[in-house]
Undergrad: 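Just dropping this structure here.
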Amino acid sequence: MESRNRKSGFFDNALFQIRNKIKIKKNNTVVLGSGVRIRKCNISIKGSGNTLTFENGANLKGVQLEIDGINCALTIGKNCVIGEGCYLSARESNTSLTIGNDCMFSRNVKVMTSDGHDILSSGVRINPAKNINIGNHVWLADGAIVLKGSNIGDGSIIGINAVVTRDVPAHSIAAGNPAKTIKSDVHWDEKLTYSS
């Protein structure tokens with residue numbers, strides 16, 4: 001494994017190695033930004049030419065990260081918070097899973113660029129992997145699933161147990177299985193306001 005640090009030093013890299021279960025084959029790269037907090041994660045990178053990037057301030061606990069293929073990329077943006085039980089997977093060849101900045105993933109969220117198995121029709125595979133792009137400041141609620149080929153626009157919210165199979169416009173709420181846009185022109189904030 002080649003490990004590159006952006007503004008972090010030996011100590012940060014050592015903490016990354018100690019706090020997580022890591023299996024990374026050689027000829028793959030992990031990039032750690034500064035101020036990242038990654039603990040109790042299960043990280044597996046198979047194949048070659050793959051890159052796992054944690055941008056500055058990324059905060060993950062109890063997450064499973066998997067890259068399995070050739071020249072795949074999984075990027076977690078700046079100041080993202082990803083909760084326990086989440087599963088992020090970039091598989092096959094030249095596939096990318098990109099998460100923008102300031103995103104919040106609740107517990108047990110799954111994001112996968114591949115079905116994990118071939119589906120054949122008349123001997124021809126009909127289910128290739130596809131890229132996933134999640135914009136900036138996106139909130140995925142508990143149990144949300146984002147499947148291959150989906151793009152989620154900036155500032156959007158994906159409801160509890162929703163299954164995203166297509167694009168979600170920016171500043172929208174999508175819910176259901178399959179997820180459909182149920183409200184537009186929204187904005188969310190980590191703060192919870194209430195009156196007494």
Side-chain angles (χ1 to χ4, degrees), residues 6-8 12 15-16 19-20 30-43 51-67 73-90 96-113 131-195:
R6 291 186 186 159
K7 299 182 183 174
S8 62
D12 293 327
L15 281 177
F16 174 71
R19 291 181 170 172
N20 301 287
V30 175
V31 180
L32 293 175
S34 65
V36 297
R37 294 182 64 212
I38 305 159
R39 59 236 180 267
K40 297 183 179 179
C41 293
N42 187 343
I43 299 166
T51 304
L52 173 59
T53 303
F54 300 96
E55 296 288 352
N56 297 345
N59 183 351
L60 291 78
K61 182 178 180 186
V63 176
Q64 183 173 349
L65 301 150
E66 175 192 51
I67 302 177
L74 197 166
T75 302
I76 298 168
K78 293 177 183 174
N79 303 313
C80 286
V81 176
I82 301 180
E84 291 195 57
C86 290
Y87 172 71
L88 309 176
S89 174
S96 66
L97 191 172
T98 305
I99 300 167
N101 299 327
D102 301 311
C103 290
M104 183 171 67
F105 292 11
S106 297
R107 294 166 298 275
N108 303 313
V109 167
K110 291 186 174 139
V111 184
M112 302 169 288
T113 64
N131 297 337
I132 293 173
N133 186 45
I134 297 173
N136 297 315
H137 196 65
V138 170
W139 173 15
L140 301 183
D142 287 16
I145 297 172
V146 180
L147 297 178
K148 63 184 186 176
S150 300
N151 297 291
I152 301 174
D154 293 347
S156 288
I157 302 160
I158 307 301
I160 291 174
N161 294 323
V163 180
V164 178
T165 60
R166 65 180 78 126
D167 292 354
V168 174
H171 303 287
S172 298
I173 300 173
N177 181 4
K180 294 184 176 137
T181 301
I182 59 172
K183 187 145 184 76
S184 299
D185 196 25
V186 298
H187 172 79
W188 67 272
D189 196 318
E190 289 182 40
K191 246 187 316 182
L192 177 64
T193 56
Y194 57 94
S195 58

Undergrad: Side chains of Phe16 and Ile43, heavy atoms from C-beta outward: is any pair under 4.5 Å?
TA: yes
Undergrad: Could you work out, with side-chain hydrogen bond (donor to acceptor under 3.5 Å, both in side chains) as the rule, every residue matching Arg19, not counting sequence neighbours?
TA: none
Undergrad: Excluding sequence neighbours, so at least two apart, what forms side-chain contact (heavy atoms from CB on, under 4.5 Å) with Asn131?
TA: Thr95, Ser96
Undergrad: Ile158 and Val109: side chain to side chain contact (heavy atoms under 4.5 Å, CB included), yes or no, with the steps?
TA: CA-CA 10 Å; Ile158 307 301; Val109 167; over 6 Å; no
Undergrad: Would you please name every residue forming a side-chain hydrogen bond (donor to acceptor under 3.5 Å, both in side chains) with Asp154, sequence neighbours left out?
TA: none
Undergrad: Are the side chain of Ser89 and the backbone N or O of Thr113 linked by a donor-acceptor pair below 3.5 Å?
TA: no
Undergrad: With a 3.5 Å distance limit and no angle check, can you tell me whether Asn56 reaches the backbone of Ser34 through a side-chain donor-acceptor pair?
TA: yes
Undergrad: Once salt bridge (charged side-chain N to carboxylate O under 4.0 Å, His left out) is applied, do any residues pair with Arg107, and if so which ones, sequence neighbours excluded?
TA: Asp142
Undergrad: Who passes salt bridge (charged side-chain N to carboxylate O under 4.0 Å, His left out) against Lys148, sequence neighbours left out?
TA: Asp115
Undergrad: Evaluate side chain to side chain contact (heavy atoms under 4.5 Å, CB included) for Phe105 paired with Val63, printing each intermediate quantity in order.
TA: CA-CA 11 Å; Phe105 292 11; Val63 176; over 6 Å; no
Undergrad: Under the rule for side-chain contact (heavy atoms from CB on, under 4.5 Å), what residues qualify as partners of Cys80, not counting sequence neighbours?
TA: Ile76, Ile99, Cys103
Undergrad: List for me each residue that meets side-chain contact (heavy atoms from CB on, under 4.5 Å) alongside Ala141, sequence neighbours excluded, and say none if there are none.
TA: Trp139, Ile160
Undergrad: Are any of the side-chain heavy atoms of Asn79 and Asp102 separated by less than 4.5 Å?
TA: yes
Undergrad: Identify, with sequence neighbours excluded, every residue that meets side-chain hydrogen bond (donor to acceptor under 3.5 Å, both in side chains) alongside Asn133.
TA: none
Undergrad: Is there a side-chain contact between Arg39 and Asn59 in this structure, where contact means two heavy atoms from C-beta onward sitting under 4.5 Å apart?
TA: yes
Undergrad: Taking side-chain contact (heavy atoms from CB on, under 4.5 Å) as the definition, give me every residue that meets it alongside Lys40, ordered by chain and number, with sequence neighbours left out.
TA: Lys61
Undergrad: Mind checking whether Ile82 and Leu88 have side chains closer than 4.5 Å, heavy atoms only?
TA: yes
Undergrad: With a 4.5 Å cut-off on side-chain heavy atoms, are Leu74 and Glu66 touching?
TA: no
Undergrad: In this structure, which one of Val111, Val164, Val168 forms a side-chain contact (heavy atoms from CB on, under 4.5 Å) with Ser150?
TA: Val164
Undergrad: Strictly by side chain to side chain donor-acceptor pair (under 3.5 Å), give each pair with a member in residues 169-182 just once, sequence neighbours left out.
TA: none
Undergrad: Answer yes or no: does atom CG of Asp189 have more than 12 heavy-atom neighbours from other residues, nucleotides or ligands under 6.0 Å?
TA: yes
Undergrad: Do Val163 and Leu147 have side chains that approach each other closer than 4.5 Å (heavy atoms only, starting at C-beta)?
TA: yes
Undergrad: Which residues pass the side-chain hydrogen bond (donor to acceptor under 3.5 Å, both in side chains) test with Asp167, sequence neighbours left out?
TA: Asn151
